[in-house]
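Take a look at the structure set out below.
A quick note: this is a predicted structure, and the numbers were derived from the prediction, not measured. Note that ligands are numbered from 1 as they come in the structure, with each ligand's atoms numbered from 1 the same way. Keep in mind that the numbers below use all heavy atoms, side chains included, and drop hydrogens, waters and symmetry copies.
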Amino acid sequence: MAEARQAGAEGAAEGGRYDHAAIEARWQARWEADGLYHATVDPSRPKLYALTMLPYPSGDLHIGHWYAMTPSDARARYMRMRGYNVLFPMGFDAFGLPAENAAIKRSVHPREWTYRNVERMRGQLRSMGAMFDWRREAVSSDAEFYRFTQYFFVRLFQAGLAYKKHAPVDWCPSCNTTLAREQVWGDDRHCERCETPVVKKNLDQWFFRTTQYAKELLDFSGLDWPERVRTLQTNWIGRSAGAEVAFARETGAGEVRVFTTRPDTLWGVTFVVLAPEHPLVSELTSAERRAEVDAYVQQATRQTDIQREAADREKTGVFTGGYVRNPASGERVPVWVADYALMTYGTGAVMGVPGHDARDFAFARRYGLAIREVIVPEGEDAAAPRAQLEAAYSGAGVMTDSGELSGTRVPDDMPRVIAWLEARGAGRGVVTYRLRDWLISRQRFWGAPIPIVTCPEHGQVAVPEDQLPVLLPDDVEWRPTGESPLKLHPTWSRTTCPTCGGPATRDTDTMDTFMCSSWYQYRYLSPSYADGPWDPAEFAYWMPVDCYTGGIEHATMHLIYTRFFTKALRDMGLVPHSEPMLMLRNQGVILGEDAEKMSKSRGNVVAPDALVGRYGADAVRAYLMFFARWELGGPWSGRGIEGTSRWLNRVWALAAGPLPAARQVATATTAALRRVTHQTIKRVSDDFEAFQFNTLVAALMEFTNALGRLRADGEGSAAWDEALTTLVKLLAPIAPHVSEELWQRRGGQGSIHTQAWPVYDAAAALEEQLTLVVQINGKVRERLSVPVDVDEASARERALACDAVARRVAEVGAPKQIVYVPGRLVNVVFA
Ligand code: ANZ
């Protein structure tokens with residue numbers, strides 16, 4: 001206490017403003033010294049693992065980081081005051097292209113650049129005053145971290161979930177590396193990082209079998225995740241149920257298999273289309289068609305899938321000269337090559353049903369292919385001649401001209417169609433997903449080396465666990481050349497085979513950095529633990545993550561990868577749970593003052609450091625929670641922070657001075673103080689539960705104003721003391737420094753951040769009521785309990801709604817007149 005009092009002089013600054021710089025520095029140092037935010041295993045208390053997405057060390061912490069992290073911190077603090085043992089860690093996603101590209105631009109070694117930034121950002125993160133447990137910090141480019149990133153790669157490899165394949169991949173010519181499908185954006189298919197259009201390249205690449213988990217990834221049961229993210233993931237995974245149907249080749253052995261979601265239209269097939277990359281194109285092409293087909297295939301493969309898929313694009317193709325047999329009708333069907341068939345989906349072959357599919361319709365029109373209707377809308381006469389089709393009919397209906405299946409109602413009876421195909425060996429029901437396997441290899445320097453060696457005798461051999469990590473060498477030309485930098489090192493890749501000891505070579509690619517962020521939540525539990533990726537005791541207590549917060553932009557990459565990862569670990573028996581993060585909440589994006597995305601080139605970037613210097617971290621935190629709905633974000637306004645800062649100073653003015661002498665005050669004042677206090681407890685608690693940070697700050701501002709009005713009448717009463725203590729406690733998660741200072745000045749014991757959250761008293765929060773007499777023609781009929789501040793409109797409304805009056809209205813119609821005596825009675829006069 002003595003210490004706190006003494007600090008008082010230092011805490012007060014001129015102009016009625018508190019000295020935020022002194023207060024914040026002092027409390028940060030004190031919390032650090034006391035280990036206030038150390039989270040330790042304590043089975044006697046319920047645990048809460050609160051996680052906010054880790055930043056990559058870009059150089060400077062920007063306002064977007066504050067916007068994401070400070071409300072997450074406030075909520076973690078709230079949960080701590082609610083009695084949870086809260087773990088709230090922080091670290092750095094330190095490997096990967098962003099750091100490497102920045103380093104290249106500045107001609108600094110990526111390691112040096114990364115660790116310099118990590119150091120700087122640590123300092124900036126500390127200025128937030130967040131409850132990060134820094135003992136848990138994990139940096140993904142540290143050898144003791146990536147040792148386990150490699151360990152997991154090996155485990156996935158051993159489980160058959162990692163494989164190498166020669167595959168056409170998206171290559172960014174500017175970043176000089178392959179990209180995952182998810183890192184390619186827009187119609188022009190540009191690189192997510194540098195916006196250069198990607199090109200296709202054939203390379204030997206490592207993949208993880210994410211597709212093996214496609215079905216399970218669609219199941220979100222038990223997860224409290226935003227609808228929007230679930231939808232994005234569901235669409236990304238893209239489940240399609242249908243059938244694979246085999247069309248036998250007319251000449252030569254084998255068959256062309258197609259994937260269709262409409263096996264009911266099989267009798268309407270008038271052609272089959274192969275993707276230009278389909279392996280059977282060459283075999284099916286007749287001698288006289290070869291030159292034309294080859295030329296078409298050549299130009300088509302230069303296009304990207306997205307260009308080829310564009311709905312409004314002219315459908316082009318060429319006839320191969322080859323034929324297949326329709327397994328249902330036995331008909332002879334011409335085979336075409338067309339670029340609207342994608343090799344990356346289904347089987348890479350499509351049965352053309354122009355009567356019922358819009359793309360096939362456009363194609364048939366263009367090339368004069370037959371168009372046949374085999375589904376007619378219910379109630380229409382199948383035999384009646386129909387006018388020439390203007391468009392494909394894709395709706396429900398009845399199968400017609402379809403052999404034994406004619407008359408089948410679809411889509412309802414689709415299972416019957418599939419059973420029929422299966423019984424005749426012509427096809428089988430299948431489910432297809434759009435999700436692709438995760439491309440892991442990067443031809444870049446700044447990542448975890450892939451821990452596989454290739455032996456002429458034993459092929460691909462995993463580096464044994466006790467030889468991990470495979471360290472990233474420092475003496476290498478890391479500037480991009482188009483080759484993996486590790487390949488250019490004179491000796492690095494030369495090694496011996498773990499199996500036979502003979503000469504072998506290391507894989508010279510590094511891993512996609514999403515690999516690191518797929519498991520960092522586990523490493524935080526025990527970042528210096530050496531006997532495994534985590535300390536089992538910490539794991540048993542803390543996992544899974546209870547509340548995860550971060551940007552919606554991670555909906556389909558990181559958040560699918562990390563779910564895949566945990567499911568794969570579960571199947572290897574490494575973790576007991578199926579989902580890494582039980583609850584997810586996303587913040588929106590904070591824009592520049594000009595409502596544009598913040599970027600250095602636009603010059604609209606808001607630097608938090610300057611704001612912290614001017615207003616203090618508490619004001620910046622509170623303002624970021626207040627200025628927008630968190631999940632929406634919005635344009636920054638520099639002016640608003642002034643108001644938030646003034647509010648904190650008003651709180652200071654109310655609560656920082658010496659405690660007033662005790663005195664008795666009017667009962668009504670006590671009731672009013674308790675009412676607003678408990679109403680605010682309820683509002684703030686509910687809003688914390690709902691992540692409604694802007695309205696909870698607003699509630700505290702209103703509370704502060706109300707206390708300003710009640711001060712003269714209420715100061716010195718027990719209710720006044722309760723109100724101020726409550727205000728300071730409710731403020732603690734938002735503005736941790738100033739609330740701590742006020743708590744100490746008011747004689748609080750221990751840190752405010754270890755106090756229990758105020759308990760809501762519903763009775764105290766009740767609005768004061770008065771009795772409103774309802775008369776009919778001057779005779780008392782009912783007495784209603786209404787709030788003291790009831791206005792005339794609602795008094796009349798309530799009187800009209802009460803039983804006696806409503807009954808009379810039903811009998812004789814509307815009243816002639818209504819007389820209101822404020823705060824006392826309503827007389828309803830009927831004729
Ligand atoms: C015949 C048919 C008739 C089709 C009809 C649709 C309507 P979703 O729903 O997105 O899964 N398709 C199959 N593989 C393809 C490929 N590799 N490239 C381009 N298109 C392909 O789409 C499934 C439908 O897309 C399949 O069903 C197939 O056309 C086409 F009235 O088969 B359908």
Original post:
Tell me: protein heavy atom nearest atom 8 (P) of ligand 1, and distance?
Top reply: Ser240 OG, 3.3 Å

Subject >> Distance-only N or O hit between ligand 1 and Val353, under 3.5 Å >> reply: no

Original post:
Are any of the side-chain nitrogens in Glu579 or Lys567 under 4.0 Å away from the carboxylate oxygens of its partner?
Top reply: yes

Original post:
Do the charged groups of Glu404 and Arg424 touch, with an N to O distance under 4.0 Å?
Top reply: no

Original post:
Which heavy atom of the protein is the closest neighbour of atom 1 (C) of ligand 1, given with residue, atom name and distance?
Top reply: Thr260 OG1, 3.0 Å

Subject >> Option nearest atom 19 (C) of ligand 1 (shortest heavy-atom distance, choices Phe259, Tyr340, Tyr345) >> reply: Tyr340

**OP:** Identify the protein heavy atom lying closest to atom 6 (C) of ligand 1, giving its residue, its atom name and the separation to 0.1 Å.
**Re:** Asp357 OD1, 3.4 Å

Original post:
Less than 3.5 Å between some nitrogen or oxygen of Thr347 and one of ligand 1, yes or no?
Top reply: no

Subject >> Within residues 156-169 or reaching into it, pairs that qualify as side chain to side chain donor-acceptor pair (under 3.5 Å) - sequence neighbours excluded >> reply: Tyr163-Asp437, Lys164-Asp507, His166-Asp204

Original post:
Does Arg563 make a cation-pi contact with Trp438 (under 6.0 Å, within 45 degrees of the axis)?
Top reply: no

Subject >> Thr261, any N or O under 3.5 Å of ligand 1 N or O >> reply: yes

**OP:** Look only at interatomic distance and state if His356 has a nitrogen or oxygen under 3.5 Å from any nitrogen or oxygen of ligand 1.
**Re:** no

Original post:
To the nearest 0.1 Å, how far is atom 21 (C) of ligand 1 from its closest protein heavy atom, and which atom is that?
Top reply: Val350 CG2, 3.4 Å

